[in-house]
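Okay, so here's the structure we're looking at.
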Amino acid sequence: LLAGASLFLDFDGTLVDIAARPDAVRVGPRLASVLGRLARQLDGRMALVSGRPAREVASLVGLGAPLVAGSHGMEFLHPDGTLESAPRPPVLDQLREDWRRFAAGLAGVLVEDKPLGTALHYRLRPDAAEACHRLAAEAAQEHGLHLQTGKMMVELRAAGGDKGSAIRTLMQRPAMQGTHPVFLGDDDTDEPGLVVAEGLGGAGILVGAPRPTAARYILADPAAVLDWLEQELTL
Ligand SMILES: [Mg+2]
């Protein structure tokens, strides 16, 4: 599948299992090794595409100089270390403080401050899901931010990009031109990327349980993704 392809990889839930807290994910040695070898094999035709800040993804995966689209396509970290970013909506500072006060009253709800967004994670407090979504929907209306749902989380972020636009942009890079995109992702936020990968003549691979999706292939979990990536390496 990767012959003549560019490979785009979501991170959380695709390469690593989702952890109770977003800062608790770990990249094991086998994954690190496979990603390093793939990056060399694909020679400029591999990128990580995440909702996390781009630099955070880069430090988590531990690759030398990765190409990363972060913050849902609103940031690009280039292999030379330069970061291209949309401006941070000023209202996020106030929102973060409001949400920290809200979370202080709901033990287990975590506020994640990102360069271009603010997220509420309720994995440790599932009964707070409705309250979190209501708060986020109200604030999205009030501040004109993009409401992004995900697994056990909701985020308000700068509008104007998604993982699909990220893949379109990255496909303009000289190394990727004329190739077809293969994208692996697990969450709602990955669906635009799966649509674009299929639309550009490539393939989407959904990670997780079957659900309505634009992806034509499916892998059960990050362990299956790692097996598949390793298999692609030896071809
Ligand atoms: Mg994911």
Side-chain angles (χ1 to χ4, degrees), residues 7-28 31-32 34-35 38 46-63 66-77 110 112 114-124 126 129 132 136 146-157 161-167 170 181-198 202-229:
L7 177 63
F8 300 91
L9 298 163
D10 169 50
F11 182 67
D12 295 89
T14 295
L15 294 179
V16 295
D17 289 313
I18 294 175
R21 307 173 55 97
D23 56 4
V25 299
R26 289 289 170 270
V27 170
L31 177 60
V34 167
L35 289 177
L38 265 178
M46 182 175 113
L48 291 139
V49 182
S50 177
R52 288 186 189 255
R55 288 198 197 281
E56 190 177 301
V57 175
S59 81
L60 284 167
V61 297
L63 286 170
L67 175 61
V68 184
S71 298
H72 303 281
M74 303 296 280
E75 283 185 317
F76 293 93
L77 177 62
L110 306 174
E112 184 186 9
K114 303 179 170 194
L116 297 174
T118 305
L120 285 170
H121 294 264
Y122 51 83
R123 181 166 299 271
L124 297 170
C132 290
H146 182 81
L147 179 76
Q148 179 75 66
T149 57
K151 288 181 175 169
M152 306 298 269
M153 65 92 82
V154 60
E155 175 175 352
L156 287 193
R157 62 176 180 85
D162 58 32
K163 292 187 180 181
S165 67
I167 291 172
L170 291 172
V182 173
F183 176 53
L184 282 77
D186 68 302
D187 207 348
D188 298 349
T189 65
D190 297 307
E191 206 52 45
L194 296 168
V195 168
V196 165
E198 293 281 348
I205 304 178
L206 177 69
V207 181
R211 62 165 163 84
T213 176
R216 77 176 74 183
Y217 300 115
I218 188 163
L219 289 167
D221 54 25
V225 170
L226 182 51
D227 287 343
W228 178 74
L229 291 174

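In listed order, ligands and their atoms are each counted from 1. Heavy atoms only: backbone and side chains are in, while hydrogens, waters and symmetry mates are out. Positions are given from 1 along the sequence. None of these values were measured; they are calculated from a predicted model.
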(message) Using 0.5 Å steps for rounding, measure from the CD1 atom of Ile218 to the CG atom of Leu184.
(response)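 Reported value, rounded in 0.5 Å steps: 11.5 Å.
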(message) Tell me whether the Mg ion (ligand 1) has Asp190 as a neighbour, meaning an N, O or S atom of it below 2.8 Å.
(response)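 Not a single backbone or side-chain N, O or S atom of Asp190 is under 2.8 Å from the Mg ion (ligand 1).
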(message) Within rounding of 10°, what is the angle whose vertex is the Mg ion (ligand 1) and whose arms end at O of Asp12 and OD2 of Asp10?
(response)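 My answer is 90°, to the nearest 10°.
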(request) Applying side-chain hydrogen bond (donor to acceptor under 3.5 Å, both in side chains), name anything that partners Arg216, two or more places apart in sequence or on another chain. (result)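 Per chain and number, Arg216 pairs via side-chain hydrogen bond (donor to acceptor under 3.5 Å, both in side chains) with Glu198.
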(request) Give the name of the N/O/S atom in Asp186 that lies closest to the Mg ion (ligand 1). (result) OD1
Only distances under 3.5 Å count here; give the side-chain donor-acceptor pairs of residues 46-53 to other protein atoms, sequence neighbours excluded, each with its distance to 0.1 Å.
from: Ser50; atom 1: OG; to: Arg52; atom 2: N; distance (Å): 2.9
from: Arg52; atom 1: NE; to: Asp12; atom 2: OD1; distance (Å): 2.7
from: Arg52; atom 1: NE; to: Asp12; atom 2: OD2; distance (Å): 3.4
from: Arg52; atom 1: NH1; to: Pro22; atom 2: O; distance (Å): 3.1
from: Arg52; atom 1: NH1; to: Glu56; atom 2: OE2; distance (Å): 2.7
from: Arg52; atom 1: NH2; to: Asp12; atom 2: OD2; distance (Å): 2.7
from: Arg52; atom 1: NH2; to: Pro22; atom 2: O; distance (Å): 2.7

(request) From the options Thr189, Asp188, Asp186, Asp187, select the one residue that forms a side-chain hydrogen bond (donor to acceptor under 3.5 Å, both in side chains) with Lys151. (result)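 One option only clears the test, and that one is Asp186.
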